[in-house]
Amino acid sequence: MTSKSNDLPIERLLRELTPQVLGTVVRRFRDFAAAEDAVQEAALAASMHWPTEGLPDNPRAWLTKVAFRRMTDQVRSESARRRRETELVQEESYNFEWAPFGFAPEEDDTLTLLFMCCHPALTPASAIALTLRAVGGLTTSEIAHAFLVPEATMAQRISRAKQSIKNSGIGFQMPTANERAGRLQAVLHVLYLMFNEGYASSGGPDLRRADLSHEAIRITRIVLALQPHDTEVAGLLALILLTDARRGARTGPEGELIPLAEQDRALWDKQQIEEGIALISATLPKGRVGPYQLQAAIAAIHDEALQSEETDWPQIVALYELLGRMSDNPMIKLNHAVAASMVHGPEKGLELLKALDSDHRIANHHRLDAVRGHLLEKTGDYKAAVEHYRAAAGKTASLPERNYLLTQAARLSSEPALRERRLKQTI
Amino acid sequence: MKYMLMVSGTKEMFEWYTKWPKEDLQANMAFMRNFNQELKDSGVLVATGGLAWPDQAKIVHAAKDGTPIITDGPFPEAKEFLAGWWIIDVESAEAAYKIAARASLSPAPAGTPGTMPVEVRQLMNSTPEEWQ
């Protein structure tokens, strides 16, 4: 896995420039699929030429020029092969003046690209892949690696996503004022999913795939730079920074899961926590408070506690209550139950979980069993706790999670139930 | 040459696994992690995967119009379900057998008879042998 700091400067520069160049090319040629290919080729050419020949004076103009050439080549080869001779003559006319690209970049282009790549017509998986390529500037091979699929599979997925953009007639234009809030919401959702895919991949032997999380953070930073006054963009960035800060403590040396309460907090990334807390603290007073900001505030409270015992659980409960009023998401209710159990005891948590048994969205989810197992353990009912840990292990599709849950069950199986022990002591 | 190594078990054996003592479970998990890492490091691993448990297994038939008809079985008691697999790329069948034997040594609780059976199957190829 490569981290951002290991990247070569040229790769980093290319990733920054790719969406800007792509925006320019799409705006000019109006063909997203072809423009995307052309820009990828230009970036490839740059990665071969620049290291030996040195950086051009204006790298962005260089890339744009090469991409434009590719586009015109394509247009010409499509138009008529018979006119080869004329084309040779015309070659000169394509060497247009470069002055236009010396001006300030059209900053909205990147945002327009994002709106396009995260269009609700696409499946989340396609939207993530396309965003990584068009806005993140990653190669198909890098994206395939991040998703743990063969490159050919990812190439096909991207090409189909581009085809559906073409077919659905989604133009390269800013959404109207009416649509804009909803479409930005879709963009944030895709970035949130991208981060989660990297942070807690739902399947496979490796619990986290760092590259996707880093890309999600990087692209969210770009969005915030373009939309500095949107409080939910800031909320999302704070949330993923504060969550990602715990990455190093989240798994043990053998790759095993370590729950929040048992993590070595010295391993948390303090700089990232500081940045996240500063961001959410500056954002919350600005007004319109949304779900990302509330989740970021909760993450901030966790990250602020130097020891898990110092966690301000009453405040977390209050935030989950607010969050629950904003969206009807059973995962929020589940987390609320955990937080409430920390304030009012495990019985209160178990009582709150009952409501979720009739919610088909979560009734059969492994996390409901896992949380119930955890709370039952706290009440001292080890026998029931073991059953729920095992049930959760049988339902999760994440190998590290299954291993964790089985280990919890095994640990408790060898302990006599607390209640029985207490009973014996009183007798 | 590519080979698929497969580990399977009856529902009863999956159930048994969930009841292993903590130390045995952890020894087994550590063994598998190291084994996978070794395969990766030695450059023979193509892919590996573990499967969700058999109580989630479904049988799917297509109706005449192609729509899926999904049932929970029934599966006979003695049916073995795939638990996990590796695809390795090695020089010979013997090399594949050696790796399978290493997998077979995965630790189990004391008193468990024998070692774990690993099924070895060669993967079919899209190019004729002599062109490889």
Side-chain angles (χ1 to χ4, degrees), chain A residues 1 144-145 147-154 201-208 251-258 363-367 369-370 373 377 382-383 385-416, chain B residues 2 5 7 9-41 45-58 70 72 81-89 103 106-110 112 123 126:
Chain A
M1 277 188 204
H145 183 77
F147 276 93
L148 308 175
V149 299
E151 189 174 342
T153 307
M154 188 47 75
S201 16
S202 53
D206 296 321
L207 189 70
R208 50 198 163 75
T251 48
E254 302 285 349
E256 72 276 19
L257 262 181
I258 303 176
N364 214 21
H365 195 283
H366 73 271
R367 281 213 59 201
D369 278 307
E377 179 184 346
Y382 290 179
K383 198 160 166 276
V386 166
E387 270 165 36
H388 283 284
Y389 280 137
R390 281 191 189 139
K395 288 175 188 169
T396 177
S398 155
L399 201 52
E401 217 163 55
R402 182 159 85 190
N403 287 346
Y404 170 77
L405 291 162
L406 283 178
T407 312
Q408 294 298 96
R411 174 177 57 77
L412 277 192
S413 305
S414 53
E415 298 246 343
Chain B
K2 291 198 179 79
L5 316 185
V7 175
T10 58
K11 274 193 177 178
E12 202 183 1
M13 288 169 78
F14 280 88
E15 185 89 343
W16 168 65
Y17 177 71
T18 67
K19 290 179 180 157
W20 284 14
K22 188 182 161 201
E23 291 69 29
D24 293 316
L25 264 181
Q26 282 176 330
N28 186 273
M29 290 164 186
F31 174 91
M32 284 303 174
R33 268 193 299 269
N34 293 336
F35 180 66
N36 286 340
Q37 193 58 47
E38 264 176 50
L39 291 186
K40 239 184 244 176
D41 293 345
L45 184 69
V46 177
T48 179
L51 274 71
W53 284 358
D55 54 7
Q56 292 180 55
K58 307 279 183 214
I70 304 149
D72 287 330
F81 289 89
L82 192 60
W85 54 270
W86 297 266
I87 293 174
I88 53 171
D89 195 353
S106 75
T112 306
L123 287 188
S126 55

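All values below come from the heavy atoms of this structure, side chains included, with hydrogens, waters and symmetry mates left out. Given the structure is predicted, the values throughout are model-derived calculations rather than measurements. Below, read A as the first sequence line, B as the second, and so on, with proteins coming before strands; counting in each chain starts at 1.
- A salt bridge is absent between A:E377 and A:K383; no separation between the charged side-chain nitrogens and carboxylate oxygens falls under 4.0 Å.
- At a heavy-atom separation below 4.5 angstrom, chain A is approached by B:Y17 within residues 10-17 of chain B.
- Exactly one of A:T396, A:T407, A:L257 qualifies for a side-chain contact (heavy atoms from CB on, under 4.5 Å) with A:R402. That residue is A:T396.
- With rounding to the nearest 0.5 Å, the separation of CD in B:Q37 from CG in B:L45 is 9.5 Å.
- Screening residues 23-33 of chain B for salt bridge (charged side-chain N to carboxylate O under 4.0 Å, His left out), with sequence neighbours left out, gives A:E254-B:R33.
- In this structure, the separation between OH on A:Y382 and CZ on A:R411 is 7.5 Å, given to the nearest 0.5 Å.
- With a 4.5 Å cut-off on side-chain heavy atoms, A:L412 and A:Y389 count as touching.
- Put simply, of A:A409, A:G394, A:A393, the one with the most heavy-atom pairs under 4.5 Å next to chain B is A:G394.
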